[in-house]
Peer 1: 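First the structure, then my questions, so here it is.
Excluded from the calculations below are hydrogen atoms, water molecules and symmetry mates; all remaining heavy atoms, backbone and side chain alike, are included. Because the structure is a prediction, the values reported are computed rather than measured. In what follows, chains are A, B, ... by sequence order, proteins preceding strands, each numbered from 1.
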There are 2 protein chains.
Amino acid sequence: MDSTQERPSAPELPFNVFAKACPSRGTLEHVTGRWGSLTLGALYEGSLRFNELRRRVDGVSEKMLSQTLHALERDGLVHREAQPTNPPRVDYELTPLGRQVAERLLDLIRLVEGRMDDVLTARERYDATRGAL
Amino acid sequence: MDSTQERPSAPELPFNVFAKACPSRGTLEHVTGRWGSLTLGALYEGSLRFNELRRRVDGVSEKMLSQTLHALERDGLVHREAQPTNPPRVDYELTPLGRQVAERLLDLIRLVEGRMDDVLTARERYDATRGAL
DNA sequence: CAGCATCCAGCTTGATACTG
DNA sequence: CAGTATCAAGCTGGATGCTG
């Protein structure tokens with residue numbers, strides 16, 4: 001091959017997050033963003049209503065959840081099902097693609113959660129040596 | 001068990017990203033943050049020097065890269081190897097844990113990159129229906 | 001219940017300049 | 001090369017109040 005190996009994996013893909021202008025970078029940010037990842041993670045269990053979701057994702061504000069949900073819906077990762085009842089009832093659930101994304105995300109989340117003691121230990125060492133210098 | 005099932009998976013883990021106060025949430029953010037994910041992804045190929053990394057991660061500023069690397073080093077995901085030569089040479093590489101994290105991240109990145117046309121299509125539909133309303 | 005509009009504090013980010 | 005320091009600006013995100 002002649003290409004100067006700019007990426008290790010999947011060099012033939014048209015989309016490349018490492019490039020500034022690539023739209024995939026935006027989607028990756030929606031997905032991995034503070035509330036995006038938690039929202040997708042929460043919805044992995046099954047569909048949830050707006051306020052249920054809000055309670056699951058501890059600390060999210062109404063505004064941020066709404067905004068996050070819109071971005072995810074626009075990217076085709078979440079499906080919004082509104083019932084014109086009174087009081088209104090709206091359910092959110094993952095699309096098949098959203099489900100795949102959430103799986104990867106949960107893999108990552110589980111790994112991080114499972115290794116937090118290592119992380120915490122590393123932090124202590126880092127802070128100790130830095131503070132001593 | 002008496003706990004009212006707050007998480008679907010791994011209910012016995014001491015760390016839970018869904019909880020506001022959990023330190024794992026911070027680490028997850030370092031890892032999934034805009035520059036964190038790209039930095040880990042870039043380092044997955046092998047160790048890189050500061051400016052090499054800067055060129056790989058298109059669009060990152062010196063300051064943000066520096067800051068990102070510090071956070072990842074502190075969390076024990078990246079190892080910094082400085083040689084006291086002149087001019088200075090500093091290599092960054094993933095730790096074993098960093099490597100595991102990067103693997104999950106790359107799975108996610110590849111999925112997103114590979115499905116961007118679906119995402120783009122979904123966006124068009126979303127924008128079209130929203131604009132029409 | 002489900003959400004949008006607005007206001008505003010403050011954290012994040014990017015330039016720029018400087019150091020070892 | 002490999003960063004740190006500083007400053008201005010802009011985006012993020014929370015609180016509040018209102019609608020259907």
Peer 1: Take atom CZ of A:Arg89 and atom C1' of C:dG3, then tell me their distance rounded to the nearest Å.
Peer 2: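 Going from CZ in A:Arg89 over to C1' in C:dG3 covers 16 Å.
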Peer 1: Could you tell me the separation between the CG atom of A:Leu65 and the P atom of C:dC4, rounded to a whole number of Å?
Peer 2: 10 Å
Peer 1: What I'd like to find out is whether the side chain of B:Arg49 reaches to under 4.5 Å of the side chain of B:Val90, using heavy atoms alone.
Peer 2: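 No, every pair of side-chain atoms sits at 4.5 Å or beyond.
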Peer 1: Counting only side-chain nitrogens and oxygens, does B:Arg49 get under 4.0 Å of the OP1 or OP2 atom of D:dC1?
Peer 2: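 The answer is no; no side-chain N or O of B:Arg49 sits under 4.0 Å from OP1 or OP2.
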Peer 1: By nearest heavy atom, map B:His70 and A:Pro87 onto DNA chain D; which one lands nearer the 5' end?
Peer 2: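 The answer here is B:His70.
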Peer 1: Check B:Asp118 with B:Arg115, please: is the shortest side-chain N to carboxylate O separation under 4.0 Å?
Peer 2: yes
Peer 1: Could you state the atom-to-atom distance from CG of B:Leu69 to P of D:dG3 in whole Å?
Peer 2: 8 Å
Peer 1: Would you check if there is a donor-acceptor pair between the side chains of A:Arg74 and A:Thr27 at a distance under 3.5 Å?
Peer 2: no
Peer 1: Counting side-chain heavy atoms from C-beta on, which of D:dG13, D:dA2, C:dG3 comes nearest to A:Glu62?
Peer 2: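 Of all the options, the side chain of A:Glu62 is nearest to C:dG3.
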Peer 1: Which residue, A:Trp35 or A:Pro88, contacts DNA chain D at a nucleotide closer to its 5' end, judged by nearest heavy atom?
Peer 2: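 Mapping each residue to its closest nucleotide by heavy atoms, the 5'-most match is A:Trp35.
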Peer 1: I need the CZ-P distance between B:Arg55 and D:dA2, as an integer number of Å.
Peer 2: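 Taking atom P of D:dA2 as the reference, CZ of B:Arg55 is at 9 Å.
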Peer 1: Looking across every strand, which nucleic acid part, if any, lies under 4.0 Å from A:Arg80 by heavy atom: base, sugar-phosphate, or nothing?
Peer 2: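 Result for A:Arg80 = sugar-phosphate.
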Peer 1: Over how many whole Å does the gap from A:Phe50 atom CZ to C:dC4 atom C1' extend?
Peer 2: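 Rounded to whole Å, this separation is 10 Å.
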Peer 1: Count the heavy atoms of every other residue, nucleotide or ligand shown that sit under 6.0 Å from CZ of B:Arg99, and state whether that count exceeds 12.
Peer 2: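 Yes, the 6.0 Å shell around CZ holds more than 12 heavy atoms from other groups.
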Peer 1: Select one nucleotide: of C:dA2, C:dG14, D:dA2, the one nearest the side-chain heavy atoms of A:Asn51.
Peer 2: C:dA2
Peer 1: At what angle, to 10 degrees, do the two end axes of the helix from C:dC1-D:dG20 to C:dG20-D:dC1 meet, given five pairs define each axis?
Peer 2: 50°
Peer 1: Below 4.0 angstrom from OP1 or OP2 of C:dG3, is there any side-chain N or O of A:Arg54?
Peer 2: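 For C:dG3, neither OP1 nor OP2 has a side-chain N or O of A:Arg54 closer than 4.0 Å.
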Peer 1: On the nucleotide D:dT4, are OP1 or OP2 found under 4.0 Å from the side-chain N or O atoms that B:Ser66 carries?
Peer 2: yes
Peer 1: Can you tell me if the side-chain N/O atoms of B:Tyr92 get under 4.0 Å from OP1 or OP2 in D:dC1?
Peer 2: no
Peer 1: Roughly how far, to the nearest 0.5 Å, is OG1 of B:Thr39 from CG of B:Leu69?
Peer 2: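 Reported to 0.5 Å precision, the distance equals 5.5 Å.
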Peer 1: Tell me: CG of B:Leu53 to C1' of D:dG3, nearest whole Å?
Peer 2: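 About 13 Å, once rounded to whole Å.
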Peer 1: Yes or no on salt bridge (Lys or Arg N to Asp or Glu O under 4.0 Å) for B:Arg56 and B:Glu45, after CA distance, side-chain angles and deciding distance?
Peer 2: CA-CA 11 Å; B:Arg56 291 255 179 187; B:Glu45 311 167 52; 2.8 Å; yes
Peer 1: For A:Glu52 and C:dC1, give me the distance from atom CD to atom P, rounded to whole Å.
Peer 2: 11 Å
Peer 1: Heavy atoms only, 4.0 Å cut-off, all strands: where does A:Gln67 land among base, sugar-phosphate and nothing?
Peer 2: nothing
Peer 1: Roughly how far, to the nearest 0.5 Å, is CD of B:Gln100 from CG of B:Leu94?
Peer 2: 11.0 Å
Peer 1: One pair to check against salt bridge (Lys or Arg N to Asp or Glu O under 4.0 Å): B:Arg89 and B:Asp91. What are the steps and the verdict?
Peer 2: CA-CA 7 Å; B:Arg89 179 192 176 96; B:Asp91 289 273; 3.0 Å; yes
Peer 1: Would you say A:Ser61 places a side-chain N or O within less than 4.0 Å of OP1 or OP2 belonging to D:dA15?
Peer 2: no
Peer 1: Could you check which of D:dA2, C:dC7, C:dT13 has an atom nearest any side-chain atom of A:Lys63?
Peer 2: C:dC7
Peer 1: Atom CD of B:Glu29 and atom C1' of D:dG13: how far apart are they, to the nearest Å?
Peer 2: 13 Å
